[in-house]
Amino acid sequence: MRRDQDGFTTLQYVVATSFSLVLFVLVANLLVDLYTRGAVRDALDEGVRAAVPMTSTAADCEARVNEVIRSVAGGSLLRVDDLRCERDGDSVVALDVALLSWLPTLVPDWQLQLRASARQER
């Protein structure tokens, strides 16, 4: 006796494929977020280095941070909420960043507070 089994795996195949594609997108989102976080940290380091000389101002620091972020991690997935460069003996940068999720219903946005500092030249 032979049973007709045409199409018996269609629903299982569609469900398994959709779950694997969602997992793939979530992993790709994580990798892009990790890259973007590293790029923002590098931008902060560049901004702090720009503010180290005695003749530079906090505006130089902020301009350099924005320039590096635009060139390395520009796009719609990165939102810089608060960028401050302050001089208090040392040059200090405080930055609030939101990394937007590709699937906001499954994974929330990442909220980061990053800091970088360097000693001022004397």
Report the C-alpha separation of Leu99 and Leu78 in whole Å, then their side-chain angles, then the decisive distance to 0.1 Å, and conclude whether the side chain to side chain contact (heavy atoms under 4.5 Å, CB included) test is met. CA-CA 5 Å; Leu99 301 176; Leu78 174 66; 3.4 Å; yes

Would you give the length of the straight line joining atom CG of Asp33 to atom OG of Ser101, rounded to the nearest 0.5 angstrom? 7.5 Å

From CG (Leu95) to CG (Leu112), nearest 0.5 Å: 9.0 Å

If you look at every heavy atom in Ala50 and Asp60, which pair is closest and at what distance? CB-O, 4.3 Å

Closest heavy-atom contact between Ala43 and Val65? O-CG2, 3.5 Å

Find the distance between CG (Asn66) and SG (Cys61) and round it off to the nearest 0.5 Å. 9.5 Å

Determine, step by step, whether Val72 and Asp42 satisfy the side chain to side chain contact (heavy atoms under 4.5 Å, CB included) criterion, reporting the C-alpha distance in whole Å, the side-chain angles of both residues, the deciding distance to 0.1 Å, and the verdict. CA-CA 9 Å; Val72 177; Asp42 289 343; over 6 Å; no

For Arg79, the salt bridge (charged side-chain N to carboxylate O under 4.0 Å, His left out) test, sequence neighbours excluded, returns Asp81

State, to 0.1 Å, how close Ala73 and Ala39 come at their nearest heavy-atom pair, and which atoms those are. CB-CB, 3.9 Å

Taking 4.0 angstrom as the limit, do Glu67 and Arg70 come out as a salt bridge? no

Check: Ser56 side chain, Pro53 main-chain N or O, donor-acceptor pair, under 3.5 Å: yes

Hey, what do you get for CG (Leu30) to CH2 (Trp102), rounding to the nearest 0.5 Å? 10.0 Å

Test side chain to side chain contact (heavy atoms under 4.5 Å, CB included) applied to Arg41 and Leu114, step by step: CA-CA 7 Å; Arg41 291 182 64 86; Leu114 302 172; 3.6 Å; yes

What about Leu83 and Val68, same hydrophobic cluster or not, with Ile/Leu/Val/Met/Phe/Trp/Tyr joined at side-chain heavy-atom distances under 4.5 Å? no

Check the pair Leu26, Val22 against side chain to side chain contact (heavy atoms under 4.5 Å, CB included), reporting the backbone distance first and the verdict last. CA-CA 6 Å; Leu26 290 176; Val22 167; 4.2 Å; yes

Do Val107 and Phe24 belong together in a cluster built from hydrophobic side chains that touch within less than 4.5 Å? no

Atom pair OG (Ser71) and CD (Glu46), whose distance is rounded to the nearest 0.5 Å: 9.0 Å

Gap separating the CG atom of Leu34 from the CH2 atom of Trp110, nearest 0.5 angstrom: 5.0 Å

